[in-house]
Asker: 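Structure below; questions to follow.
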Amino acid sequence: MSAKIEVSFQLNGKQRELQVLPSANLRDVLRGEGMFSVKFGSASGETGAAAVLFDGKLASSDVILAAQADGHSITTVESLNTERELHPIQAAFAAVGALQSGYSAGAMVLGTMALLEQTSDPSESEIRDMLGGILDRETAYVKPVEAVKRAAAVLRGETVTGFEPMILTPLTDGKNAAIYDAKNKPPPGSGAVPRLIPSRDVPEMAVVGKPEVKVDAVRLAKGNPAFTDDIEPRAMLYCRLLTSPHAHANIVDIDDTAALALEGVHAVLHHKNVARIKYASGGQSWPNPHPHDQVSFDTKVRHVGDRVAAVAADTIEIAEEAVRLIKVEYEVLPAVFDEREAMLPGAPKIHDEVDTEEIFDADKNIVHEIKAQRGDVEKALASAPHVFEQTFRVHQVQQCPIEPHISIAWIDEDERMVIRTATQVPFHARRMVAPLLEMDIKDIRIIKPRIGGGFGAKQEMLLEDIVGHLAKATRRPCRLELTREEEFASSRTRHPQTITYRTGVDDDGKLVAQDMYVIGNTGPYGTHGYTVQTVSGMRGLSQYNCPNKRFHCDVVYTNIPVPGAYRGYGAPQAEFALEAHLEDIAIELGYDVIEFKRKNWVTAGSVIDIAPHLGERAVVDGELDEYPIVMTEGIEECVAQAMREIGWHRRDDAAWREPADRPHIRRGLGFAFCMHGTAIPFLDMGGCSIKLNDDGSFNMLVGATDLGTGADTVLGQIAAEVLGVRLEDIKVYSSDTDMTPFDTGAYASSTTYISGTAAMRAAEVARTRIKERAAMLLDVEQPCTIELRDRRAYAPDGSSVSMEDIALDSLHTQEQEQIMGTASYVSPDCPPPFAAQLVEVEVDIETGQVTVPKMVMAVDCGVAINPITASGQVEGGMLQALGYAHCEEFAYDDAGKMLNTSFGPYKIYRADEMPETVVYLVQTMEDSGPFGAKAVAEIPKDGVAPALRNAILNATGAAINDLPFTPERVWAALNDK
Amino acid sequence: MTVSMPSSVDETLRLLSDDPAATILAGGTDAMVEINYEHRRPASVVSLRRVNELATWSIDGGTVRLGATVPYVEIMNSELAAASPGLAQASRTVGSSQIRNTGTVGGNLATGSPAGDTIPVLAALDAIVEIASVRGIREVAVVDLIVGVKRTVLEPDELIVAIRFPVASGPQEFLKIGPRNAMVISVASCALVINQAERSVACALGSVSPAPLRCGDAEEFAAANIDWTSDGIRITDPRTLETFGSMVADAASPIDDHRSTAAYRKHGIAVMARRALTRATTS
């Protein structure tokens, strides 16, 4: 190993002399010096998460050697953290909701500093150019751009007002379609401001529905050590994986002699020294769906990037060297990647082991067959006057959280295993990892700190078993973080599918039969294969009324990197096919596209009949006494607002569609109707406990996992509303399996609805006791007549006592007690949110290049508990959905090796490329949800691909049934039409 | 690993002479990626960050001399943008703002990636690369520098010190096609340089062959069919534009790969070349 060298540089204004390894990059050295705002996103610098100011210029510290900083000046966000108060730039990011996970917040704040040094009034394009160096999967850059503008204004000395939603009057009566009026222009204003259409059914509230600043804004804006990698136990070892270079191979032999002999290596684990215990890695409720087709280290590899071995060593460099020294002899087997080919006779059998149970047909690589039917589809199709059949192919993409998967495990002083890990499912991870480590659940503690984005990739027990095994083997803390390459090839992705619809329509334009056949590609392991494809069936057959429906799905093993959960969870695939299919039927039958869908879409009172027959707790056979019914919907209001915002009449404006000055451009507008679910009924459960402190504040413990979504804030708002206090009085902690109540985790659009109701109920329990004590102090007979508001308890006569006095009295004065409430919630309902998604497109008909200038989504998510965080969810969802539709794609060589395992070749949208986005929140009062809320997190993933596809069709006449819309695919379609 | 931080070209050359296996680190946007990923595990690194003379540029008469480590951001935002609009356009499409703050043309050339954005522009400019070693200076044309995918004629102890090319005397265009316009290794890129003083046309393609590709026949055809006047250049017959496009496409011999088919690449090149000439002759 090289000797250390001395470097001397200015760090945040102070001269520093440091001894560093010559090969050390600046990022690692700065983090070692406590500059936690500098984050790892990838080794190649393109995420920008490790940005610093190098002599005042924004530059990525990933690609600078620490030695190169010698004699220079380095600035990080920590330079702003000298006061408790936020710097105006940080305050602006907090104020407008620009911080979701906040993983890249430091970089954005620094970039803003550098930009505002150059110019006090930057243009939008200058701002976007600066942010273009910092990749973000969460905000779609909408609110960061707004934050920079706001910070500039503040620093120029201008007064800024609170960042609040724009309140609009409805265009409909809440039920019937509005008559479109081209002269009625949308309200002007920044797209960062959510448009809110209130419902008269929603009562006035103090905290809920308000644009509260997130409870975690300060820690994120300051870059405080909040994430998994920001805390290192002493004597921690660094771990690396050896992954498979082959798509399908038997491991004939592994020889770890040389690796173990390397100085500084503490353990090398593989199938020869780790017990073979079967499991399924998808983070789901007990019992995890079969088959349990994985083991920690197998004798066979089934995709390029599959686990072979893991090493723990004193440094990353030694671990990497040890990985290279492991000798593996493979017997390479034929592989198959396409789900259609995997089912054919002669395809290689991917699971030939004898110890995996409940594979539907291992010889055909069919892991599950899923079937559900309502009515008689064949009969209805046979007699339908119009029958249409269409096949769609949707591709593989990755969630791309900027923080990769990372887990740190250690054995504590009581011989218990503690795993601090970037997970969406801490409680599932605890239960699932226990048998693999041959430990009891009670001896495992999972800590979920701040997470830098997950989007489903972290709804998985992915690294926890490996660090657990290594910690057991070494009895030292062990840290494993995936590289960006591994995040692509060795974590989780979205399921590719081949989807065929057959639809029968009567002469009135009503659907009479819908038959949906899906071949779902679950890669080499089942994980979420069953549940994702059932959601495809549910979403693909729920949003239109139709008396006869059938879902048939083959979930198929292949040798691609493993698909799992990705925000939307089967819905984006299904809704792309569905909304494209119905668009084409409408055109074929001569209907206006929206009118045709309107004839058929569900409305309040519609029965969602197929849903109970699909899913983990599905009723496979027979009829139910009762079927779920749509209780609330703001569909027509969503459609009317979105149409006005995008200027729907331009579809008929020839001069706009074919601009005279740009003869190779065609413009179009596309629509998609979206419906999603809210949590999994009878299954998803969240718990919450709340206790009152001396000063009238509350500690709130939730198992729900905030990944940057704003869950902690929203749950805090709900509790504050119930308890009549301010959001700042609720100190939210999530999640730690030793401390917080159980929660199934952050998935299935469940947190606000399920965990939110748990928070509401826990607060109500505490409130009951607070009222009783207040009644005692105020000498009131009936505690139920007490009202809590403004941090006080009021008696009917107007007399009052402060929350603080109630707390002091209860804790210190008389009949002392801890006032606390604990509650949990599981729902029998799954109230659907609805949305209208509109997309504007420009197609270069010569090159096939697609450009999206604007996207509008109007969402009925019930009551948005926090309209700012809710609109942030919609914006970020649309960004991911646009990448899915347009440019993200796994590219493979013939042997199944992914070729584009870095950002750039794998293209995700950047700030200077994002279209204008506008979000409308159409309120409805969903009585089953906490203060009227439904879900919002996943529905923005559903409509962009079909709306863009339909816009391209509108612009050019080319109907494209495969994703994504790369220039070549569009060009080929233009040639074919 | 050792890291050297020389502060002059001479010192750099001596270091490279003593240790020809050393990895040269300029902006770091290519080399550091390999070091971080350990695709390349150099025993020694020579950082050019302190070699200030490499980060300077000058315009002398009709010639631009661009120091090898002038960052892209400087090319976009200084007088260089007027002297070399094509290079400025290509620089704007490189990476992200952070990459443009540190990435350099010298690094782009030394890496020799077929997808390097500035390379077709430099090829069309007939740029000359000044290469130094302790043995002296030699000059190589850009088209001769890169001989294969990530392969150059550079000797291990040699350093690119500067790139020379003529100040623009007429329109220059740079276009590329990718899944979207920026931060993507392009499916194909096209640079067009028109020299009004010499009444010549140069066209070069990127991403379609291992080395940058000049399109001689198409260039001569365009030069012969342009209406060269003192107040600008014109093409009167639209068929000339079409023919130019297809001649450029014929010069390319693209291949199928995981990004794109040869057929689409060829088509895209024809469109880009035609558009570049259209823009150049109507602006």
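Quick note on labels: first sequence line is chain A, next is B, and so on, each numbered from 1.
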Asker: Would you say A/Q19 has more than 12 foreign heavy atoms packed within less than 6.0 Å of its CD?
Answerer: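 Correct, the count exceeds 12.
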Asker: What part of B/S260 gets within 4.5 angstrom of chain A, counting heavy atoms only: side chain, backbone, both, or neither?
Answerer: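 Backbone plus side chain of B/S260, per the 4.5 Å heavy-atom cut-off to chain A.
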Asker: Taking every heavy-atom pair that is under 4.5 Å apart, which of A/L131, A/D844, A/I316 has the most such pairs with chain B?
Answerer: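 Most heavy-atom pairs under 4.5 Å with chain B: A/D844.
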Asker: Atom CD in A/E913, atom OG in B/S96: separation rounded to 0.5 Å?
Answerer: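 Spacing of CD (A/E913) from OG (B/S96) equals 10.0 Å.
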Asker: Using a cut-off of 6.0 Å, state whether more than 12 heavy atoms not belonging to A/N975 lie near its atom CG.
Answerer: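 More than 12 within 6.0 Å, yes.
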Asker: Pair B/M272, A/T847 - check side chain to side chain contact (heavy atoms under 4.5 Å, CB included), show working.
Answerer: CA-CA 9 Å; B/M272 282 193 296; A/T847 62; 5.5 Å; no
Asker: Can you find a heavy atom in the side chain of B/M5 that is under 4.5 Å from one in the side chain of A/V7?
Answerer: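 They are not in side-chain contact.
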Asker: Would A/D912 and B/R92 pass as an ion pair if we require N to O under 4.0 Å?
Answerer: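 No, no charged N to carboxylate O under 4.0 Å.
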Asker: Take atom CD of A/E6 as the centre, draw a 6.0 Å sphere, and report whether it contains more than 12 heavy atoms from other residues, nucleotides or ligands.
Answerer: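 Atom CD in A/E6 is crowded, with more than 12 foreign heavy atoms closer than 6.0 Å.
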Asker: Using heavy-atom distances under 4.5 Å, tell me whether A/Y906 contacts chain B through its side chain, its backbone, both, or neither.
Answerer: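 Neither part.
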Asker: Quick check: closest heavy atoms across B/A263 and A/W971, and the distance to 0.1 Å?
Answerer: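 Heavy atoms of B/A263 and A/W971 come nearest at O-CH2, 4.2 Å.
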Asker: Counting heavy-atom pairs under 4.5 Å to chain A, which of B/V271, B/T261, B/I99 comes out on top?
Answerer: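 Counting heavy-atom pairs under 4.5 Å, the top option is B/T261.
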Asker: Can you tell me which portion of B/S44 sits under 4.5 Å from chain A's heavy atoms? Options are side chain, backbone, both or neither.
Answerer: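 Contact with chain A is absent: no heavy atom of B/S44 under 4.5 Å.
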Asker: Name the member of A/Q68, A/M130, A/H664 that forms the most heavy-atom pairs with chain B at distances under 4.5 Å.
Answerer: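 When all of A/Q68, A/M130, A/H664 are compared, A/Q68 has the most.
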Asker: Using 4.0 Å as the upper bound for N to carboxylate O, is an ion pair formed by A/D55 and B/R49?
Answerer: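 Here B/R49 does not pair with A/D55 in a salt bridge, since their nearest N and O are not under 4.0 Å apart.
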Asker: Give the minimum heavy-atom separation between A/D129 and B/S97, together with the two atoms involved.
Answerer: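 Shortest heavy-atom contact: O-OG, 2.8 Å.
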Asker: I'd like to verify something: which residue of B/A270, B/A43, B/S47, B/G268 has the highest number of heavy-atom pairs under 4.5 Å with chain A?
Answerer: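 Top count of heavy-atom pairs under 4.5 Å with chain A: B/S47.
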Asker: With side chain to side chain contact (heavy atoms under 4.5 Å, CB included) as the test, would you mind laying out the steps for B/M1 and A/L65 before giving the verdict?
Answerer: CA-CA 12 Å; B/M1 189 170 115; A/L65 288 173; 4.0 Å; yes
Asker: Which value, rounded to the nearest 0.5 Å, describes the distance between A/H72 atom NE2 and B/R50 atom CZ?
Answerer: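 Rounded to the nearest 0.5 Å, the NE2-CZ separation comes out at 6.0 Å.
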Asker: Between the side chain of B/Q98 and the main-chain N/O of A/G45, is any donor-acceptor distance below 3.5 Å?
Answerer: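 Here the side-chain-to-backbone pair does not exist.
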Asker: Looking at A/A59, is its backbone amide N or carbonyl O close enough to the side chain of B/N101 to form a donor-acceptor pair, meaning the two atoms are under 3.5 Å apart?
Answerer: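 No; zero donor-acceptor contacts below 3.5 Å.
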Asker: Which atoms of A/L58 are under 4.5 Å from chain B, going by heavy atoms: the side chain, the backbone, both sets, or neither?
Answerer: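 When you check distances to chain B, atoms from both the backbone and side chain of A/L58 fall under 4.5 Å.
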